[in-house]
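For reference, the structure is listed below as structure tokens.
Remember, predicted model here, so these are calculated numbers, not experimental data.
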Amino acid sequence: MSRDRYVDFLRSWAILLVVLGHWLITALIRHPDGEITAPELLASVPWTQWLTLGFQIMPLFFLAGGHAAGGSWARARAAGGSAAGWVGRRAVRLLLPTAVYSGLVLLAVGVCVALGVDRATLALVGWAMAMQFWFLPVYLLLSALTPVLYSLHERWGVRVPVGMGVVGLGIGTLVATGDASSRGSAVEAIGALNYLLVWGVVYQLGLCWRDGLLGGDGDTAPRARGRAVAMAVGGGLGSPSSSGPGRFPSV
């Protein structure tokens with residue numbers, strides 16, 4: 001199977017909106033004494049919170065990423081490639097542009113240090129740059145696990161993301177309902193697994209999408225539309241129900 005240009009478009013569109021969204025919520029304020037701060041725009045200007053509805057794009061990024069990675073690994077495996085070689089090439093493709101961007105920022109920071117720019121301001125720059133990369137470690141780990149995840153997908157199909165979702169929900173509930181003052185490091189560490197499990201659900205659904213398990217060419221138009229509507233309604237109801245009356249934070 002050749003590359004799916006529609007999936008490539010979705011990945012590009014998702015990255016564009018991620019970058020734009022992060023820049024939009026970064027509000028820089030210069031105070032009379034010269035100090036520069038970056039208050040959270042969503043808290044400082046409450047009406048901007050509605051804009052986030054148009055920037056819930058990371059699930060699409062992981063979904064398209066799973067679809068693309070599944071196709072890439074299937075082609076590499078069919079050609080006799082090794083898992084280690086494939087993972088290494090994927091890592092380089094992800095990290096090289098990140099390294100170039102980070103290098104340019106660090107070069108600018110070095111120039112600012114030489115010019116005597118306040119270190120607190122430079123620390124703010126470091127925070128802003130790191131914030132843009134929050135998803136990269138998770139995506140890199142899922143990419144590295146793709147050969148294993150694809151094997152699980154070939155054996156159990158949609159049951160894999162369903163199982164991951166159930167485990168993730170259980171862990172999230174455990175962490176969210178616990179007393180913050182009594183949480184131990186073990187509970188926090190277990191809670192960190194949800195970064196992998198929750199985004200892994202969407203990534204794994206990308207594999208299912210590629211192989212037609214979420215609907216294929218054989219579906220009739222009404223059936224395909226029905227499945228799409230059901231998934232949209234389910235996702236639309238799931239988020240507010242967990243962050244509204246439930247114990248999960250809304251932001």
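No path of Ile, Leu, Val, Met, Phe, Trp and Tyr side chains, each step under 4.5 Å between heavy atoms, connects L106 with L136, placing them in separate hydrophobic clusters. Residues L214 and Y6 are members of one and the same hydrophobic cluster, defined by side-chain heavy-atom contacts under 4.5 angstrom among Ile, Leu, Val, Met, Phe, Trp and Tyr.
Applying the salt bridge (Lys or Arg N to Asp or Glu O under 4.0 Å) rule to pairs touching residues 147-166 yields R77-E154, sequence neighbours excluded. Under the side chain to side chain donor-acceptor pair (under 3.5 Å) criterion, the residue pairs touching residues 78-90 are S72-W86, with sequence neighbours excluded. Screening residues 92-120 for ring pair (Phe, Tyr, Trp, His ring centres under 6.0 Å), with sequence neighbours left out, gives Y101-F133.
Between the side chain of D118 and the backbone N or O of A120 there is at least one donor-acceptor pair closer than 3.5 Å.
Here the shortest heavy-atom pairing between A64 and L10 reads CB-CB, 4.1 Å. The nearest pair of heavy atoms linking F55 to L17 is CD2-O, 3.5 Å.
Residues that satisfy the side chain to side chain contact (heavy atoms under 4.5 Å, CB included) test with A74, not counting sequence neighbours, are Y150, R210. When the side chain to side chain contact (heavy atoms under 4.5 Å, CB included) test is applied to W47, the partners found at least two apart in sequence or on another chain are V45, L51. With sequence neighbours left out, the side-chain hydrogen bond (donor to acceptor under 3.5 Å, both in side chains) criterion links R5 to D8. Listed by chain and residue number, W73, P147 satisfy the side chain to side chain contact (heavy atoms under 4.5 Å, CB included) test with A83 (two or more places apart in sequence, or in another chain). Residues satisfying the side chain to side chain contact (heavy atoms under 4.5 Å, CB included) criterion with L122, sequence neighbours excluded, are V109, C112, V113, V117. Under the rule for a side-chain hydrogen bond (donor to acceptor under 3.5 Å, both in side chains), the partners of T146 that lie at least two apart in sequence or sit in another chain are Y203. For F135, the ring-ring contact (aromatic ring centres under 6.0 Å, His included) partners are F61, not counting sequence neighbours. Listed by chain and number, the residues in a side-chain hydrogen bond (donor to acceptor under 3.5 Å, both in side chains) with Y139 amount to none (sequence neighbours excluded).
Residues N194 and L197 have side chains in contact (heavy-atom distance under 4.5 Å, counting atoms from C-beta outward). By the 4.5 Å heavy-atom criterion applied to side chains, L149 and H153 are not counted as neighbours. Taking the side chain as every heavy atom from C-beta outward, L16 and I57 never approach each other to under 4.5 Å.
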Q: Please test W209 against V7 for side chain to side chain contact (heavy atoms under 4.5 Å, CB included), starting from the C-alpha separation and ending with a verdict.
A: CA-CA 11 Å; W209 174 28; V7 173; 3.8 Å; yes
Q. Please walk me through it: do L94 and T98 pass side chain to side chain contact (heavy atoms under 4.5 Å, CB included)?
A. CA-CA 7 Å; L94 286 169; T98 304; 5.7 Å; no
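Test V201, V198, V202 against F62 for side chain to side chain contact (heavy atoms under 4.5 Å, CB included) and you get one pass: V202.
More than 12 non-hydrogen atoms from other residues, nucleotides or ligands lie less than 6.0 angstrom from CH2 of W134.
With a 4.5 Å cut-off between side-chain heavy atoms of Ile, Leu, Val, Met, Phe, Trp and Tyr, the cluster of L115 takes in V111.
For the atom pair CG (L207) and CG (L63), the distance works out to 9.5 Å, reported to the nearest 0.5 Å.
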